[in-house]
Participant: 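I'd like to ask some things about the structure below.
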Amino acid sequence: DAKTTQPNSMESNEEEPVHLPCNHSTISGTDYIHWYRQLPSQGPEYVIHGLTSNVNNRMASLAIAEDRKSSTLILHRATLRDAAVYYCILVNYGGSQGNLIFGKGTKLSVKP
Amino acid sequence: DSGVTQTPKHLITATGQRVTLRCSPRSGDLSVYWYQQSLDQGLQFLIQYYNGEERAKGNILERFSAQQFPDLHSELNLSSLELGDSALYFCASTLGGHLPNGYTFGSGTRLTVV
C-alpha cells in the first residue's frame, strides 16, 4: 500500500481555519485519499474522501493537488471538539479490498 | 450512534481465557473489518470479511479468529489471552464490492487481560 506522510502534531486557535497537510508521492492512479479522525477514547470517524477533484462536505473540505502527490484537509472554523488525531490514508478498492492502513496521523490541538 | 454496534463495551478477563467480541455492521454494509489499538502500536488491521467470506488478513495472531455470519454480523474470538492482548478492538464496516465509500467504525470493545 502506498504510504502517506503527515506532521506529528499541529496547533490551531478556536474559530480559525486549519489546514492539515498530507504527502503521498507514491500514490497510484486508482488510490482514493481518505481522511479519518479519532477523538480520545472513541473509534475513528470518517471525515472525507476523494480521488482527483476537491471535495466538500459538512465536516470539511479536501483539496487535492493536481499531480495528486499531496492533499490538504481543511477545517473551516476549528472548534474545541475538533481536537483529535487526523489520519490521511490511501485506499485502493481494487487491490487489497480497500483495507485502511493507519499511520501515526497528526494530533491536532485547538486552543480556546 | 455511528450505525456500527460493538458489544461488549468493556471486558475484563484473566490470562489464558477466551473471549468473543461481537460487531453488527451498519445496515446495508457487506464488508466488516477488525482493528486492534494498543497504546504502543496504534491502529492495526486484523482481518476483513465480505459477505461472509474472509477477504484479507493483517497482523492477526493465530490465537485469534473471526467469522462473519449470514446476517452479516461478525465475531472476533481471542483465545489463550495474554497480558499484551489488552487493547481497544474496533470493528468497521463499509458497503464493499470495490465501491469507494467511507468506512464507519464502532465505538470499540476495551479488553483488559489481568
Side-chain angles (χ1 to χ4, degrees), chain A residues 1-6 8-9 27-53 55-60 62 64 68 71 73 84-107, chain B residues 1-7 9-10 21 23-26 29-51 53-60 68 87-110:
Chain A
D1 294 304
K3 298 266 189 270
T4 62
T5 304
Q6 299 178 251
N8 290 331
S9 62
I27 191 170
S28 76
T30 52
D31 285 336
Y32 282 76
I33 303 159
H34 279 236
W35 283 83
Y36 291 80
R37 71 180 185 180
Q38 187 175 23
L39 280 66
S41 300
Q42 294 187 26
E45 177 186 25
Y46 167 78
V47 178
I48 201 166
H49 77 285
L51 183 61
T52 56
S53 305
V55 184
N56 300 298
N57 66 21
R58 62 174 181 81
M59 289 183 69
L62 175 60
I64 302 173
R68 300 210 325 126
S71 61
L73 179 70
V85 178
Y86 287 78
Y87 298 96
C88 168
I89 304 171
L90 301 183
V91 181
N92 188 318
Y93 290 87
S96 58
Q97 293 292 314
N99 298 326
L100 297 178
I101 305 299
F102 287 81
K104 296 191 183 301
T106 296
K107 184 173 183 179
Chain B
D1 180 12
S2 68
V4 175
T5 304
Q6 289 189 248
T7 56
K9 292 194 183 308
H10 301 276
L21 312 184
C23 169
S24 294
R26 196 180 59 158
D29 286 352
L30 301 178
S31 274
V32 169
Y33 304 77
W34 285 97
Y35 288 83
Q36 179 192 56
Q37 187 172 36
S38 54
L39 280 175
D40 57 347
Q41 289 289 328
L43 277 154
Q44 299 288 315
F45 166 68
L46 295 178
I47 197 164
Q48 180 212 354
Y49 282 84
Y50 173 74
N51 204 18
E53 293 187 5
E54 181 186 304
R55 282 298 175 92
K57 271 187 173 180
N59 301 320
I60 188 166
Q68 186 179 27
L88 272 165
Y89 291 84
F90 291 106
C91 167
S93 75
T94 189
L95 184 58
H98 302 288
L99 296 174
N101 297 297
Y103 296 67
T104 305
F105 282 79
S107 56
T109 293
R110 181 176 294 277

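Throughout, protein chains are lettered first and strands after them, A, B, ... in sequence-line order, and every chain is numbered starting at 1.
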Participant: Let's test your reading of the structure: which of V4(B), T104(B), N101(B), T94(B) forms the most heavy-atom pairs below 4.5 Å with chain A?
Facilitator: N101(B)
Participant: Quick one: list whatever passes salt bridge (charged side-chain N to carboxylate O under 4.0 Å, His left out) with R26(B), sequence neighbours left out.
Facilitator: D29(B)
Participant: With a 4.5 Å heavy-atom cut-off (strictly below), which parts of residues 43-52 of chain A touch chain B? List them by number.
Facilitator: G43(A), P44(A), Y46(A), H49(A)
Participant: What part of Q37(B) gets within 4.5 angstrom of chain A, counting heavy atoms only: side chain, backbone, both, or neither?
Facilitator: side chain
Participant: Which heavy atom in H34(A) sits nearest to a heavy atom in G102(B), and how many Å separate them?
Facilitator: CE1-CA, 4.1 Å
Participant: State whether the number of non-hydrogen atoms from other residues, nucleotides or ligands found under 6.0 Å of R68(A) atom CZ is greater than 12.
Facilitator: yes
Participant: Does E54(B) have any side-chain contact (heavy atoms from CB on, under 4.5 Å) partners at least two apart in sequence or in another chain, and if so, which?
Facilitator: I47(B), Y49(B), K57(B)
Participant: For S24(B), check side-chain contact (heavy atoms from CB on, under 4.5 Å) against everything at least two apart and list the hits.
Facilitator: T5(B), R22(B), H73(B)
Participant: Could you state the interatomic distance from OH (Y103(B)) to CG (L100(A)), rounded to the nearest 0.5 Å?
Facilitator: 5.0 Å
Participant: Return the option, out of F102(A), Y87(A), Y32(A), with the maximum number of heavy-atom pairs under 4.5 Å with chain B.
Facilitator: F102(A)
